[in-house]
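Have a look at the structure below before the remarks.
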Amino acid sequence: MSKLDFVVMSVFAILMVIIGLVFTVQSSKSSKSFFEAGGATPWWINGLSLFISYFSAATFVVWGSIAYRYGLVSNAIQFTMCVSGLVTALFIAGRWKNTGATTAAEYLGKRFGRTAKQYYSYMVLLYSLVSTAAVLYAVGKIVYVATPFSLEACITVIGITIVIYTTGGGLWGVLATDVVQFVILSAAVIIIIPLSLSDVGGMSNFLQKVPDRFFEPVNEEYSIGFMAAFFIYQVVYIAGNWSYVQRYTSVSTKRNAKKVAYLFTALYLVAPIIWMLPPMIYRVINPGLQGTEAEGAYMMLCQKVLPAGLIGLVLSGMIAATASKANTTINTAAIIFAQDIYKGVFFKRASEKRTILVARLFTVLFGAGTIFLAILVPAAGGIVEVVLSTAAIAGGSLFGPVIYSLFSKRQTATSLITISAVSMVVSLFFKIFGPSVLGITLSRTMETVLGVGFPFLLLVLFEMYARATKKEVPFLLHVEKETGAYTSPEAVKQNRFGVRVIAWSTAFVGLGIAILGYIAENGRIALIVGITILVAVAAVLIKQYSNTSKVELNISQ
């Protein structure tokens, strides 16, 4: 990497911090501003945030590693996410908005009481700690491959940067940086694809030189059974992960909640096809990577084909993607701790100012914990093992019962907690003790089937028992009128301010990319991408400033 690459990375990192700090004063006005961004954010911002926070550098390390080794299998895995997003849009996102709750924890507290709320709050915090550590490790690994710094140093510096701007800006800070990070990452990948194809001799040459079965969507390890189980898990994760639930509940209407998930679905239909192409191309360029070396395939390709400055841009895009996923989870963790544990359990009379301060302090502590765990990921078997095993063991057990309760009038606090705990213990037992005690080592498919299928089976069995005994519990349902949804003047003001911050920040990104394209060797594509971004932002800004009154009335629609 050249000095210019480090300058580019530093500039974009500083931009993310500035965006977060810009929202610090606004988010400090009230807990609703900090935790809910006013409660009526534009659906397209939430949709982009959901997408980019789902797409992290772990995507380029985990799925990129699979794409390098197995080709189209990686795209097939990610296509399950697209279909899962569609299921969420059709059946689940609107139900979250209909509960009238602003968070999943609030829903659990209102419907099932304090015990269920506390159990899930503690377990989701623990799950979030591990999952955030995994994505932080992934981006640290990418930067480590491209720089002379140690893996530990890369993880620490990136983690600290994320914590700084997440601490200040609250949910709006997270949403705004997510959208800008989406632009950076998309631009970076669009630039690298034609350059990598040129290096390999064109698309036809690439297609001729790939290994046998490289374009088959399934294989022995990632079978049709795995895809089906992973699809169910993805529905549970997209629809039930507390970070993403917040995207459905912080818009103004049920219809907008569905739009958030529809936008996620549309983007996931197209993006993985484009974003997994570079590591597949690198398999032809350098077919000799073994084991965990394949985790660095994406960055190795960037170093080979990109000129000075643009490597820094690609790294910034990957850091941005991970920062988006990490800041979303960290922000949710802070909300859980401050609202549902600190204020909800121990200090019920705590002021809004004190609650926000506690959330910010917890953000710092939680961020430090993720940095520590991220450094330990290699000792746990590598990023692929950590991500997929954590998903199989905890994802279905934690989020599945809560989603099921949105459709059932018979589930109780006892059934949800018991089913969650039992299914998690069973999955852990087979993962840790199965090989030594029972002589059984579960395949990736069976591990995923057990993780998502067993809690669902228990839920159905309890449903049948409750139906037979005519057991029903109060069912929380918030009746919302689709027309005339009220949006407070403060929310409208926050939305207008947020969109303008996003627009000006994106303009800065577009200008930076255009400059890099102009000065870089083989930078014509980057120049075109940068100019395109500037033109699009100009149109948004003209509309914003020329028709303010119209924006105030319709921005949240």
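Computed from a predicted structure; not experimentally measured.
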Check your understanding: What is the minimum heavy-atom distance between L129 and G369, and which atoms define it?
Key ->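 The answer is CD1-C, 3.9 Å.
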
Are any non-hydrogen side-chain atoms of [X] and [Y] less than 4.5 angstrom apart?
X: I155; Y: F149; answer: no
X: V260; Y: W44; answer: no
X: I273; Y: L277; answer: no
X: T265; Y: L269; answer: no
X: K304; Y: M300; answer: no

Practice item. Report the residue from F51, W43, Y268 that forms a side-chain contact (heavy atoms from CB on, under 4.5 Å) with L263. Key: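 That would be W43.
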
Review point. Would Y127 and F399 satisfy side chain to side chain contact (heavy atoms under 4.5 Å, CB included), going step by step from the backbone distance to the final call?
Key: CA-CA 11 Å; Y127 176 84; F399 305 127; 3.8 Å; yes

Review point. For the side chain of R95 and the backbone of L406, is there at least one donor-acceptor N/O pair under 3.5 Å apart?
Key: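 Yes.
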
Contacts of type ring pair (Phe, Tyr, Trp, His ring centres under 6.0 Å), residue [X], not counting sequence neighbours:
X: Y68; answer: none
X: Y282; answer: none
X: Y248; answer: none

Practice item. Mind checking side-chain hydrogen bond (donor to acceptor under 3.5 Å, both in side chains) for T370 and listing every partner two or more places apart, or none if nothing turns up? Key: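 Once residues adjacent in sequence are excluded, T370 has no partner under the side-chain hydrogen bond (donor to acceptor under 3.5 Å, both in side chains) criterion.
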
Point to revise | Exceeds 12 heavy-atom contacts within 6.0 angstrom, atom OH of Y262 | key: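 For Y262, atom OH is crowded (more than 12 foreign heavy atoms under 6.0 Å).
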
N/O donor-acceptor pairs under 3.5 Å from side chains in residues 507-518, not counting sequence neighbours:
none

Practice item. Evaluate the ring planes of Y233 and Y237, with Trp represented by its six-membered ring, and classify them as parallel (under 30°), tilted (30 to 60°) or perpendicular (over 60°). Key: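 Y233 vs Y237 ring planes: parallel.
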
Review point. Quick one: salt bridge (charged side-chain N to carboxylate O under 4.0 Å, His left out) pairs with a partner in residues 261-273, sequence neighbours left out?
Key: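 Salt bridge (charged side-chain N to carboxylate O under 4.0 Å, His left out) check on residues 261-273 returns no pairs.
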
Exercise for review: Answer with yes or no whether the side chains of T156 and E152 bring together a donor and an acceptor at under 3.5 Å.
Suggested key: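 No, no side-chain donor-acceptor pair sits under 3.5 Å.
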
